[in-house]
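Accompanying notes for the structure given below.
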Amino acid sequence: MEKKILYSGMQATGVPSLANYIGAIKNWVNLQKDYNCLFCVVDLHSITVRQDPDFFRTKARDLLTLFIALGIDPKENVLYYQSHVPAHSELSWILNCYTHMGELNRMTQFKDKSQKHEDNINAGLYTYPVLQAADILLFQTNLVPVGQDQKQHLELCRDIAMRFNNIYGEIFTIPEPYIAPVGAKIMSLHDPTRKMSKSETVNENNVIFLLDDPDTIMKKFKRAMTDSLNQVRYDPEEQPGLSNLITIYACATNHTIEECTKEFADSPGYGYIKTKTGEAVVSMLEPFRKRFKELQADPAYIDGIIKNNAERANIMAQGTLAAVKDAIGFPK
Ligand code: TYM
């Protein structure tokens with residue numbers, strides 16, 4: 001039987017965080033065998049915020065390299081830059097005309113990001129979810145593995161696809177989100193009421209970056225915010241810091257929340273839990289960091305993958321775009 005299509009993407013705005021790995025890439029790695037997958041460095045999305053050109057180019061390449069270091073097979077899957085496939089922009093414009101401003105006004109990420117970048121609330125930031133819908137719909141995607149924060153964008157994508165199909169017939173596959181029950185919302189280490197974000201500007205200690213060295217990781221965990229209740233319970237409402245550590249530990253050791261809570265029940269104090277969690281994260285990330293360095297040292301190999309995959313993605317995108325244009329009635 002033909003495998004179904006899986007699609008996901010990540011922004012190239014810095015080194016990805018532990019949250020990006022646990023909430024998204026770890027699931028991509030686990031699901032890659034069962035689907036035909038496309039994993040995209042969504043660089044067009046990143047320019048809603050001003051980027052330094054050299055830094056941006058380096059970060060985009062590092063991210064694509066990191067996908068491979070983290071376990072994505074570049075031969076079996078399509079790994080590519082969004083900006084190398086013009087069909088994204090073309091479909092995005094078309095879908096803009098099938099999206100209501102009321103829908104975009106409701107997007108919580110737009111509201112959050114407008115607050116963060118008050119000096120540059122551009123139209124791209126506003127229509128960002130439409131480009132995301134185009135990414136997904138372009139490839140007749142069945143499954144989209146993402147973290148919790150992308151749920152609203154996925155719902156909008158489905159609404160746009162259904163609206164379009166209602167007018168023109170079954171042009172788009174309606175995608176399903178895949179949001180893992182554990183780890184879909186990893187919180188900041190110092191302020192566990194906020195999500196961990198790779199574009200953190202307040203305090204770097206809030207975030208574990210995937211290329212942090214072991215000492216830095218241990219230091220950040222040791223400083224993590226917990227509480228003064230002195231009891232080990234998994235309770236994100238009452239004990240968000242501790243519950244976040246338990247979640248991270250569970251994901252890093254591939255155990256359940258229950259198993260980890262039990263394991264920590266008799267621990268001598270929260271310090272012990274912070275150390276154990278730090279150690280588990282270090283053992284999970286160290287092989288990735290090493291592999292990343294090896295891959296970085298072989299630019300010709302990475303160049304080959306970029307070229308080859310961009311060609312594959314461009315070919316794959318053509319069918320849907322042609323069907324969309326034909327349905328709307330553009331001249332042939
Ligand atoms: P981005 O780059 O912000 O995040 C990449 C992925 O990481 C997940 N994530 C988290 N998961 C758990 N806990 C967190 N604290 C956390 N923070 C981020 C995100 O949910 C995401 O899965 N708009 C998207 C990129 C995108 C995309 C797409 C995704 C563009 N087109 C098409 C899927 C399909 C974004 O900015 O993700």
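Start at 1 and go down the list; that is how both ligands and their atoms are numbered. Please read all numbers here as calculations on a predicted model, not as lab measurements.
Each of the following atoms of ligand 1 lies closer than 4.0 Å to a heavy atom of Gly23: 11 (N), 12 (C). Close approach to Lys195 involves these atoms of ligand 1, each under 4.0 Å from a residue heavy atom: 15 (N). Numbered from 1 in the order shown, with element, the atoms of ligand 1 that lie under 4.0 Å from a heavy atom of His45 read 30 (C), 31 (N). Heavy-atom contacts of Lys185 reach the following atoms of ligand 1: 12 (C), 13 (N) (cutoff under 4.0 Å). Distances below 4.0 Å separate heavy atoms of Ala24 from the following atoms of ligand 1: 6 (C), 7 (O), 22 (O). Close approach of ligand 1 to Ile136 (heavy-atom distance below 4.0 Å) involves ligand atoms 32 (C), 34 (C). Residue Gln11 has at least one heavy-atom neighbour below 4.0 Å for each of these atoms of ligand 1: 2 (O), 36 (O).
Between Thr65 and Arg61 the shortest side-chain heavy-atom distance falls below 4.5 Å. Using a 4.5 Å heavy-atom threshold, the side chains of Ile22 and Asn27 count as separate. The closest side-chain heavy-atom distance from Met196 to Leu18 is below 4.5 Å. In this structure, Leu38 and Leu6 have side chains that are not in contact, with every pair of non-hydrogen atoms separated by 4.5 Å or more.
Contact between Gly183 and ligand 1 is present, with at least one heavy atom of the residue lying under 4.0 Å from the ligand.
Between Gln150 and ligand 1, a contact under 3.5 Å exists for at least one N or O pair. Distances between N or O atoms of Tyr7 and those of ligand 1 include no value under 3.5 Å. Looking at Gly147 next to ligand 1, an N or O pair under 3.5 Å apart turns up.
When heavy-atom distances to ligand 1 are checked against a 4.0 Å cut-off, Met10 comes that close through both its backbone and its side chain. When heavy-atom distances to ligand 1 are checked against a 4.0 Å cut-off, Met187 has no atom that comes that close, whether in backbone or side chain.
Ring geometry for Tyr272 against Phe264 counts as perpendicular: the plane angle is over 60°, on a 0 to 90° scale with 30° as the lower cut. Between Tyr168 and Phe164, the ring planes lie tilted relative to each other; the angle falls in the 30° to 60° range. Between Tyr128 and His153, the angle of the ring planes lies from 30° to 60°, which puts this pair in the tilted group.
In this model, no donor atom of one side chain and acceptor atom of the other lie less than 3.5 Å apart for Asn230 and Tyr270. With 3.5 Å as the limit, one finds a donor-acceptor pair spanning the side chains of Asp135 and Gln82. Side-chain contact annotation: Glu263 with Tyr249, donor-acceptor N/O pair under 3.5 Å present.
Around atom 10 (C) of ligand 1, the closest heavy atom drawn from Ser8, Ala12, Ala19, Ser46 belongs to Ala19. Nearest-heavy-atom check against atom 34 (C) of ligand 1 across Val144, Asn244, Ile179 picks out Val144. When Leu18, Asp149, Asn20, Thr247 are ranked by how near their heavy atoms come to atom 19 (C) of ligand 1, first place goes to Asp149. For atom 13 (N) of ligand 1, the nearest non-hydrogen atom from the set Leu131, Val207, Ile186, Asp135 comes from Ile186.
Aromatic pair Phe288/Tyr21: centroids less than 6.0 angstrom apart.
Going from atom CD1 of Ile25 over to atom CG of Asn30 covers 12.0 Å, rounded to the nearest 0.5 Å.
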Original post:
Could you go step by step and tell me if Glu258 and Lys262 meet the salt bridge (charged side-chain N to carboxylate O under 4.0 Å, His left out) rule?
Top reply: CA-CA 6 Å; Glu258 292 70 33; Lys262 215 166 159 194; over 6 Å; no
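The shortest contact between atom 28 (C) of ligand 1 and any protein heavy atom is with Gln132 CG, 3.5 Å. Shortest contact from atom 12 (C) of ligand 1 to any protein heavy atom: Ala184 O, 3.1 Å. When only non-hydrogen protein atoms are considered, atom 25 (C) of ligand 1 lies nearest to Gly9 O, 3.7 Å. Closest to atom 3 (O) of ligand 1, if we only count protein heavy atoms, is Lys198 NZ, 3.6 Å. With respect to atom 36 (O) of ligand 1, the closest heavy atom belonging to the protein is Tyr128 OH, 2.7 Å.
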